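Every chain is numbered from 1 and lettered A, B, ... according to where its sequence line falls, protein lines coming before strand lines. The structure displayed is predicted, hence computed values, not measured ones. Heavy-atom basis, side chains included; hydrogens, waters and symmetry copies ignored.
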Amino acid sequence: MSDSDAIDFSAYPDAGGHFGPYGGRFVSETLISALDELQAMYTRLKDDPEFIAAFDHDLAHYVGRPSPLYLAERLTEQAGGARIWLKREDLNHTGAHKVNNTVGQALLAKHSGKSRVIAETGAGQHGVATATVAARLGLKCAVYMGAEDVKRQSPNVYRMKLLGAEVIPVESGSKTLKDAMNEAMRDWVTNVDDTFYIIGTVAGPHPYPQLVRDFNSVIGREARRQSLEEFGQLPDALVACVGGGSNAIGLFHPFLNDGGVKMYGVEAGGEGLATGHHAAPLNDGVPGILHGNRTYLMEDEDGQIIETHSVSAGLDYPGVGPEHAWLKDIGRVEYVTADDKEALDAFRTLTRTEGIIPALESSHAVAYGLKLAATMKRSQNIVVNLSGRGDKDIFTVAAIDGIEV
Amino acid sequence: MSEFQENRIDRRFAKLRGEGRKALVTYIVAGDGGLDNTVPLMHQLVASGSDLIELGVPFSDPMAEGPVIQKGHERALANRVSLRKCLELVREFRQQDSETPVILMGYANPIEKMGAEPFADAACDAGVDGALTVDLPAEEAGPLSQLLAERGLRNIFLLTPTTSEERIEEITRLASGFVYYVSLKGVTGAGHLDLDSVRDNLARIRRFTDLPLCVGFGIKDGASARSVSEHGDGAVVGSVLVSAVGAAADGAAARDSIADLVDEIRTALDS
């Protein structure tokens with residue numbers, strides 16, 4: 001295959017949080033001691049049997065894991081090629097993979113003894129997942145959300161409020177996810193003594209890309225075991241959508257050392273790569289530095305971060321996790337796009353063929369999975385990560401259809 | 001040129017020490033209040049008693065800034081101010097002022113975009129004396145620091161109340177020009193200055209370096225500037241100036257309010 005056959009992927013990141021030239025810790029000195037403290041705690045706990053047992057217990061009894069690996073027969077028939085298996089993260093408590101990470105980070109927060117958690121959110125899924133674990137542990141919770149997103153995602157805003165979280169609209173910059181992350185960092189710097197920052201994706205400064213990956217890797221570990229149980233071999237291909245990339249790395253990581261398993265990360269093509277209106281930094285961006293790490297970014301000729309576009313708010317982010325940047329460069333994972341229209345078509349197709357309403361984010365993975373399956377043999381197997389359910393998106397889709405719900 | 005080459009920053013601090021005076025470091029955002037107004041504002045800062053100028057390079061995601069300086073960055077970006085433009089402004093400033101040190105304070109990505117070496121060359125050529133890149137902590141700053149040092153520019157680093165002694169030692173080894181001590185846990189312009197903590201921490205840092213120590217974040221007026229500089233070598237003032245530029249109706253009004261503010265702080269520092 002490629003050069004990546006010689007790499008042991010479990011050895012990354014390095015001690016400084018680097019994946020090749022990406023990752024690292026590009027933050028103001030004001031944040032360093034908090035990151036050092038978090039890293040020391042995580043290093044101590046990640047192999048601690050008691051901590052692992054507590055995490056596994058919460059995943060089983062609170063999140064509802066393992067999530068099924070479901071053979072989508074009618075979807076497979078429609079694609080007319082490889083068998084399509086859906087990893088049902090949509091069936092988790094709160095409706096997406098995000099809760100795997102918030103349950104893990106909540107355990108870290110509890111160990112840290114801090115009484116307050118904060119989070120950034122785009123579509124609101126990570127905000128809801130954070131507010132949920134905060135409610136369960138009796139922690140104070142503040143969620144930063146771009147003012148534009150607060151308007152677009154009012155059901156999730158209300159959900160977070162019901163859960164007892166304070167939702168703080170962010171009016172700076174482009175008033176979207178990236179600005180919410182800036183504001184959460186500023187809160188953390190100011191309130192570092194009593195506050196734990198629960199980052200929602202595999203971005204941010206080291207050790208976040210590592211620990212968010214580790215908590216989500218339960219997806220891939222289960223999928224690997226389930227594949228062997230269900231069809232007696234590893235899958236031929238994995239497909240997952242990539243915004244920040246936490247569901248994708250969660251699925252991919254436990255398979256990275258299995259050279260025969262091909263992997264496809266699907267970025268949001270928005271209105272099409274050629275239009276510039278998209279959220280596909282790995283396909284149409286350049287390496288740069290944002291939010292504490294070096295990675296591929298959407299930026300202008302002066303290095304200013306630009307606004308992104310996607311029908312799915314959860315993919316609407318100008319950066320991407322640094323491990324994905326590295327996996328792209330070394331050729332271990334292929335990064336492709338599905339545009340808004342393809343994602344919407346896949347949303348409808350999956351809903352009508354399988355009775356599963358997928359999140360618009362996950363619909364990007366379904367769209368590419370359908371295309372890919374058609375090029376493969378009927379004896380082959382594809383696992384598509386169905387990272388979230390689409391209840392939150394019915395208003396968006398209805399509006400596109402011109403229907404008032 | 002070498003890193004030992006004499007530099008305007010070193011010269012200025014040596015002069016201040018000789019006179020027994022404290023340094024007043026002032027911060028404005030390049031292009032805030034209009035591109036044509038930045039160089040006149042810089043001259044006004046000097047005329048009113050500023051010893052060093054920190055010129056903020058606007059960035060779309062200024063993570064360490066409080067709301068006042070964030071708005072300054074947004075206003076400057078609306079005027080399409082790039083890193084290259086900032087360097088042109090310094091060059092223009094140098095036509096009339098060959099003595100006042102100018103430090104570029106900004107974020108890593110515009111430099112990454114330009115390329116570290118082209119940036120170092122261009123900064124040296126434009127008459128920049130040092131750089132403080134907020135999101136390049138010691139562990140990531142190495143290559144850029146080296147390039148700047150080779151061209152005689154100084155590398156300004158932040159130290160904070162939470163910086164460990166191991167790090168203070170590591171950072172002061174890389175630092176040159178002066179050390180910027182962040183007086184509080186928070187973002188620029190925050191308002192909970194703790195003077196006892198500033199005194200204790202400056203004493204702690206002093207054990208590791210002879211570089212001048214300037215204190216910033218949360219310095220609002222003459223009184224607070226004077227109190228923090230009693231324990232160090234100078235004070236950095238930013239948010240109040242950026243706020244004044246933002247509130248001013250035009251360039252002349254901005255210069256007037258800057259003059260009043262800087263004059264008041266200078267008087268307090270020298271009293």
Side-chain angles (χ1 to χ4, degrees), chain A residues 15-18 21 23-37 170-175 178-195 204-206 286-295 297-307 318-319, chain B residues 57-67 70-71 73-74 76-77 80-86 106-115 119 132-141 157-164 166-168 171 179-182 184-188 190-192 217:
Chain A
H18 301 96
R25 199 181 255 185
F26 293 86
V27 294
S28 165
E29 182 63 27
T30 48
L31 271 177
I32 293 283
S33 75
L35 292 168
D36 277 344
E37 191 185 308
V170 176
E171 300 283 353
S172 58
S174 60
K175 304 179 188 182
K178 78 174 178 70
D179 310 286
M181 196 153 180
N182 291 333
E183 209 52 43
M185 292 274 185
R186 293 174 187 129
D187 179 312
W188 198 29
V189 169
T190 308
N191 301 298
V192 64
D193 290 332
D194 73 346
T195 297
H206 181 59
V286 294
I289 294 166
L290 178 70
H291 291 154
N293 66 102
R294 181 183 275 120
T295 188
L297 298 175
M298 306 266 297
E299 61 178 36
D300 69 11
E301 68 278 10
D302 299 326
Q304 309 294 349
I305 308 307
I306 58 175
E307 288 185 43
Chain B
V57 180
F59 183 48
S60 53
D61 295 80
M63 226 164 60
E65 314 299 346
Q70 282 172 47
K71 289 209 177 69
H73 281 241
E74 285 177 19
L77 286 175
R80 304 221 29 100
V81 181
S82 63
L83 177 55
R84 281 174 206 285
K85 199 76 214 173
C86 295
Y107 291 79
N109 201 49
I111 296 174
E112 179 102 341
K113 183 72 177 177
M114 189 186 239
F119 166 71
L132 196 178
T133 307
V134 179
D135 53 349
L136 274 187
E139 48 270 74
E140 304 286 0
F157 283 93
L158 299 175
L159 289 176
T160 78
T162 55
T163 307
S164 67
E166 291 82 356
R167 283 188 69 80
I168 294 176
I171 293 167
V179 167
Y180 186 138
Y181 177 67
V182 175
L184 46 81
K185 292 176 187 166
V187 291
T188 50
H192 44 276
F217 283 41

Worksheet entry | Residue, of Ser164(B), Gly186(B), Pro67(B), Ser82(B), that accumulates the most heavy atom pairs under 4.5 Å with chain A | Gly186(B)
Worksheet entry | Spacing of Asn182(A) atom CG and Glu65(B) atom CD [to the nearest 0.5 Å] | 10.5 Å
Discussion item. What part of Ile306(A) gets within 4.5 angstrom of chain B, counting heavy atoms only: side chain, backbone, both, or neither?
Written reply: neither
Worksheet item: Checking heavy atoms, do the side chain of Arg80(B), its backbone, both or neither come under 4.5 Å from chain A?
Response: side chain
Fill in: Under 3.5 Å side-chain donor-acceptor pair for Glu29(A) and Thr163(B)
yes
Response to the item:
Cut-off 4.5 Å, heavy atoms of chain B, and the answer for Leu290(A) is side chain
Fill in: Proximal component of Leu83(B), with respect to chain A [non-hydrogen, under 4.5 Å]
neither
Worksheet item: For His18(A), is it the side chain, the backbone, both or neither that has a heavy atom under 4.5 Å from a heavy atom of chain B?
Response: side chain
Discussion item. Does this structure show an ion pair linking Arg294(A) with Glu140(B), if we count only N-O contacts that are shorter than 4.0 Å?
Written reply: no
Discussion item. Would you say that more than 12 heavy atoms from the other residues, nucleotides or ligands in this model lie under 6.0 Å from the CD of Glu307(A), or not?
Written reply: no
Response to the item:
Rounding to 0.5 Å, atoms CE (Met63(B)) and NZ (Lys178(A)) come to a distance of 12.0 Å
Discussion item. Ignoring hydrogens, what is the shortest heavy-atom contact between Ile289(A) and Asp135(B)? Give both atom names and the distance.
Written reply: CG2-OD2, 4.1 Å
Item to complete: Check whether Glu183(A) gets within reach of chain B through its side chain, its backbone, both or neither, counting any heavy atom under 4.5 Å.
Response: side chain
Worksheet item: Between Asp302(A) and Lys85(B), is any pair of side-chain heavy atoms under 4.5 Å apart?
Response: no
Discussion item. Need one label for Val27(A): side chain, backbone, both or neither, based on atoms under 4.5 Å from any heavy atom in chain B.
Written reply: both
Worksheet item: Side chain, backbone, both or neither: which part of Val182(B) has a heavy atom under 4.5 Å from chain A?
Response: side chain
Worksheet, complete the sentence: When the 4.5 angstrom heavy-atom criterion is applied to Thr162(B) and chain A, the contacting part is both
Worksheet item: If every non-hydrogen atom of Ser172(A) is compared with every non-hydrogen atom of Gln70(B), which pair is closest and at what distance?
Response: CB-OE1, 3.3 Å
Discussion item. Within this structure, what is the CD-CZ distance for the pair Glu139(B) and Arg25(A), rounded to the nearest 0.5 Å?
Written reply: 6.0 Å
Worksheet item: Is the shortest heavy-atom distance from the side chain of Met181(A) to the side chain of Asp61(B) under 4.5 Å?
Response: no
Worksheet item: Can you name the closest pair of heavy atoms from Gly303(A) and Asn109(B) and give their distance?
Response: O-ND2, 2.9 Å
Response to the item:
Between Lys185(B) and the options Thr190(A), Asn191(A), Asp193(A), the side chain to side chain donor-acceptor pair (under 3.5 Å) test singles out Asp193(A)
Worksheet item: Any donor and acceptor pair, going by atom type alone, linking the side chain of Gln304(A) with main-chain N or O of Pro58(B) inside 3.5 Å?
Response: yes
Worksheet item: By a 4.5 Å heavy-atom criterion (distance strictly below it), what part of Val57(B) contacts chain A: side chain, backbone, both, or neither?
Response: neither
Discussion item. For Ile171(B), which atoms come within 4.5 Å of any heavy atom of chain A: side chain, backbone, both, or neither?
Written reply: side chain
Discussion item. What part of Asp187(A) gets within 4.5 angstrom of chain B, counting heavy atoms only: side chain, backbone, both, or neither?
Written reply: neither
Discussion item. Restricting to non-hydrogen atoms, name the atom on Val189(A) and the atom on Val187(B) that form the minimum distance, rounded to 0.1 Å.
Written reply: CG1-N, 4.5 Å
